[in-house]
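Read through the structure below, which is laid out as structure tokens, and then see the notes.
In the text below, chain A, chain B and the rest are named by the order of the sequence lines, each starting its count at 1.
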Amino acid sequence: MTAPGESAAGGTALSVRGLVKRFGAHEVLSGIDLDVPAGRVTCLIGPSGSGKSTLLRCMAFLEEAGAGTILVGGEPLGFAETPQGRRRLPPARIRAVRASIGMVFQQFNLWPHMTALGNVTEALRVVRRMGRAEAEAKGLAQLRKVGLEDRAGHYPAQLSGGQQQRVAIARSLALEPRIMLFDEPTSSLDPELTGEVLDVMRGLAADGMTMVVVSHEIGFAASVGEQVAFLDGGRILLHGSPRDVFGKPRHPRLERFLDTYLDRGAAMLA
Amino acid sequence: MTVDWGLLAEKLPDVLAASGVTVAVWAASAVLGVALGAAVAVARRFGPRPVDLALKLFVEVLRGSPFLVQLFLLYFGGPFIGLSLDPIPAGLLALTLYGSAYYSEIVRAGFAAVPAGHVEAAACLGFTRAQTVLRIQVPEMAVLVLPALVNMTVLLLKETAVLSVITVPELTLEISAIGSETYRFVEALTLLALFYWGLVEACGGLGRLAEARLSRFRFAGP
Amino acid sequence: MSLTLLALLVRAAGLTVAISGVSIALGLALGLFVSVASLSRRRLVSVPARVYVSFFRGVPLLVQLLLIYNLLPAAGIDVPGVVAAVVGLTLCTSAYQAENLRGGFLSVPRGLLEAADMAGLGAVQQFRRIRVPIAVALTLPTLVSEAIMILKASSLVSVVGVVELTRMAQDLASSTYRPLPMFATAGALYLAIDWTVAGLGHALERRARWGRA
Ligand SMILES: Nc1ncnc2c1ncn2[C@@H]1O[C@H](COP(=O)(O)OP(=O)(O)OP(=O)(O)O)[C@@H](O)[C@H]1O
Ligand SMILES: [Mg+2]
């Protein structure tokens with residue numbers, strides 16, 4: 001575990017270069033460059049529609065960018081630049097690189113036909129081909145980490161939103177990813193339930209997990225984020241430590257954004 | 001209305017054999033129809049666009065025209081294009097194709113009902129597409145499509161009666177024959193109706209039972 | 001396919017449409033009646049209605065038609081085949097439509113009826129002016145698919161001797177020894193009718209949205 005401020009184990013876990021993404025004629029990402037430092041938390045903030053989710057989904061290869069590269073631990077994700085141009089990598093290669101990435105969704109996306117434990121062990125069994133006993137032991141250990149060992153036999157419909165999101169985090173962690181992506185993990189939760197999810201995320205950060213977090217929880221971004229990137233209109237407008245980005249004088253776009261999004265935690269920056 | 005029990009006992013073996021044909025043709029066409037329908041739905045969803053369009057035409061033609069006409073086309077028209085089938089295989093083939101069109105639409109709706117996020121979650125965890133279909137999409141849609149599947153399968157049972165028209169020796173043909181032989185048409189047909197009614201209701205009951213079992217995860221807990 | 005043969009088939013298709021149309025309309029009226037009965041709190045009313053629905057949905061239409069075709073003369077009622085056909089199709093579709101309408105009645109939001117109560121509408125007025133229009137609109141898509149079902153099912157009345165489209169194709173097939181073009185043309189005519197009905201249904205559904213998106 002590294003103390004805050006101390007430099008992390010090393011280097012860049014994920015780097016994005018010149019990423020462009022269009023939906024039809026609509027250019028949603030217009031040339032994104034971003035380095036995600038290993039062992040640190042990177043927060044993406046920005047107004048609705050600025051492209052935060054799209055960027056994160058490109059990092060998980062849920063969206064295919066039209067141009068640019070994403071390197072995960074030095075390995076190209078999805079596309080490789082060859083002398084003949086940009087080529088899509090074979091599915092097995094994509095899955096291999098993707099295996100080091102975990103994703104947590106705003107809507108949890110737990111599979112409703114499996115228990116909490118089933119959700120956590122499914123990929124271990126199907127993708128990693130682990131035996132039942134081993135997978136279940138591992139799954140229970142993950143559920144314990146998010147404080148839900150006693151809910152292992154519950155179906156998602158029997159869990160609260162906060163519990164569901166913690167199961168979803170455990171499901172991702174079970175595959176031991178090196179990078180965790182979070183897309184507004186607390187946005188569909190009642191206010192009193194966001195705390196338990198943020199606590200789990202803080203714990204992960206303290207353990208040195210590399211994280212990219214899209215969140216409107218400005219307070220979380222300011223306190224846990226090593227770096228903050230402010231997206232606006234498909235570009236990274238501001239980028240740096242929370243102190244640099246949030247400190248005064250502020251960029252007028254950011255000022256406007258903070259005014260409209262002045263939610264929990266933003267007040268402490270005033 | 002009086003029932004001639006002696007007559008009934010005399011005809012019982014024939015009736016049993018004929019109901020065996022009804023149930024066998026029905027079960028076979030349901031199993032084959034679901035398999036073919038699922039294949040059509042998968043090909044339409046994951047295949048290239050021309051395949052999707054060609055299969056859409058196949059489905060819409062089968063759903064838009066009467067089963068009886070399809071049956072006549074296959075049974076009487078088939079020999080003209082080198083496809084001479086006996087009544088039972090012809091009936092089975094027609095019923096399977098007819099059912100597959102409806103089953104494919106049910107499976108298609110099932111795919112559409114599984115939220116994209118559930119598929120994305122699997123992709124993020126390294127599932128292949130086949131693994132995602134088999135482990136996530138199919139089990140998740142099972143509950144949603146079960147009532148429609150049961151419904152369609154019951155419809156298929158009722159369609160088997162139409163096979164009597166091309167002399168498939170199933171129950172409706174047998175009972176009609178007995179009816180005209182003995183001049184007890186109304187009695188015979190009433191018993192026939194009761195047989196189908198009972199079977200259909202039993203299927204519906206089984207379907208509801210299966211649904212209740214399968215859907216336990218959908219009930220919100222405390 | 002000569003033009004004369006085609007004309008014969010098209011004319012027979014007219015009978016198919018007529019028989020189906022009449023049966024669907026009569027079936028809607030009867031279905032409305034049965035659905036209301038099946039929702040009654042009095043078991044003496046609701047149970048027979050449910051048995052009716054269950055029976056006509058549970059027995060193959062062909063068997064129903066054979067039964068009616070033989071039952072009417074046995075009961076001393078002598079009617080032309082077309083009438084027996086319409087009776088059979090109507091009874092069958094009314095059971096399906098009753099089941100659909102039952103679902104429609106059950107999904108009329110309670111609040112609408114409470115509002116009607118507050119507005120002073122009596123029970124009969126509420127039924128006629130609020131519940132029926134909303135229930136029918138809610139079940140319009142199933143009504144359209146039921147209409148298509150009956151159009152296709154009407155081919156079965158050929159078996160009891162009504163010379164509608166399928167029977168005409170059958171007769172022409174055996175007299176010309178060319179079953180392939182006859183049944184294919186009949187099938188195409190059914191498709192044309194069904195797809196037209198489906199298109200009309202979609203247009204109707206758009207109108208019954210009362211301005212909603
Ligand atoms: N699948 C899609 N098809 C078409 N347009 C899309 C798609 N997904 C996103 N967009 C568009 O891309 C833009 C960026 O969307 P994105 O979801 O990345 O924004 P966001 O920053 O995450 O916003 P929010 O804070 O509301 O989640 C929006 O204008 C959106 O309408
Ligand atoms: Mg978003």
Side-chain angles (χ1 to χ4, degrees), chain B residues 1 22 57 60-81 83 98 151 154-165 170-173 175-176 179-180 183-204, chain C residues 16 20 51 54-75 92 96 145 148-159 164-167 169-170 173-174 177-198:
Chain B
M1 190 188 331
T22 289
L57 187 66
E60 291 308 324
V61 165
L62 283 170
R63 281 168 17 115
S65 55
F67 175 62
L68 182 59
V69 173
Q70 295 167 19
L71 189 64
F72 281 157
L73 198 56
L74 178 70
Y75 186 66
F76 295 118
F80 287 81
I81 53 165
L83 190 69
Y98 180 75
N151 225 351
V154 166
L155 270 176
L156 222 44
L157 166 63
K158 291 190 285 171
E159 290 302 345
T160 61
V162 176
L163 300 183
S164 62
V165 176
E170 48 69 75
L171 201 56
T172 299
L173 186 72
I175 296 281
S176 302
S180 50
Y183 297 103
R184 288 182 170 271
F185 234 122
V186 171
E187 288 92 326
L189 286 170
T190 305
L191 286 178
L192 180 64
L194 291 178
F195 169 84
Y196 283 115
W197 189 18
L199 203 50
V200 165
E201 280 299 316
C203 280
Chain C
T16 286
S20 310
V51 171
S54 158
F55 178 81
F56 284 104
R57 282 165 45 104
V59 177
L61 178 60
L62 179 61
V63 176
Q64 291 176 33
L65 287 170
L66 290 173
L67 200 51
I68 289 165
Y69 191 68
N70 289 286
L71 200 57
L72 290 179
C92 177
Y96 281 91
S145 47
I148 290 174
M149 271 306 195
I150 286 301
L151 268 164
K152 296 193 298 165
S154 73
S155 66
L156 291 177
V157 307
S158 63
V159 176
E164 41 62 77
L165 181 49
T166 300
R167 185 52 179 258
Q170 226 177 321
S174 53
Y177 298 107
R178 291 169 60 211
L180 214 45
M182 292 308 154
F183 290 124
T185 308
L189 286 170
Y190 276 109
L191 283 178
I193 299 168
D194 289 345
W195 290 349
T196 306
V197 170

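The closest side-chain heavy-atom distance from L68(B) to S158(C) is below 4.5 Å. Residues P179(C) and F80(B) meet the side-chain proximity criterion, which asks for heavy atoms closer than 4.5 Å. Between W197(B) and V51(C), some side-chain heavy-atom pair lies under the 4.5 Å cut-off.
Closest non-hydrogen pair, L180(C) versus L73(B), comes out as O-CD1, 3.5 Å. Of all heavy-atom pairs between K152(C) and P66(B), the closest is O-CB, 3.4 Å. In terms of heavy-atom proximity, V69(B) sits nearest to F183(C) at CG1-O, 3.5 Å. Residues L67(C) and A193(B) share a closest heavy-atom pair of CD2-CB, 4.5 Å.
Contact of Q70(B) with chain C is not made at all, since no heavy-atom distance falls under 4.5 Å. For a residue to count as touching a neighbouring chain, one of its non-hydrogen atoms must lie under 4.5 Å from one of that chain's; by this rule T160(B) does not touch chain C. Both the backbone and the side chain of L66(C) come within less than 4.5 Å of a heavy atom of chain B. Proximity to chain C (any heavy atom under 4.5 Å) is restricted, for V165(B), to the side chain, taken from C-beta onward. Looking at Y69(C), neither its backbone nor its side chain comes within 4.5 Å of chain B, counting heavy atoms on both sides. For V61(B), the parts lying near chain C are the backbone and the side chain together; criterion is any non-hydrogen pair under 4.5 Å.
Rounding to the nearest 0.5 Å gives a distance of 10.5 Å between CZ of R63(B) and CH2 of W195(C). Interatomic distance, NZ of K158(B) versus CG of L62(C), reported as 12.0 Å (0.5 Å rounding). Atom CG of L155(B) is separated from atom CZ of R57(C) by 8.5 Å, given to the nearest 0.5 angstrom. Rounded to the nearest 0.5 Å, atoms OG1 (T190(B)) and CG (L71(C)) are 7.0 Å apart. The distance from the CD atom of E159(B) to the CG atom of L156(C) is 7.0 Å, given to the nearest 0.5 Å. Going from atom CD of Q170(C) over to atom CZ of F76(B) covers 7.0 Å, rounded to the nearest 0.5 Å.
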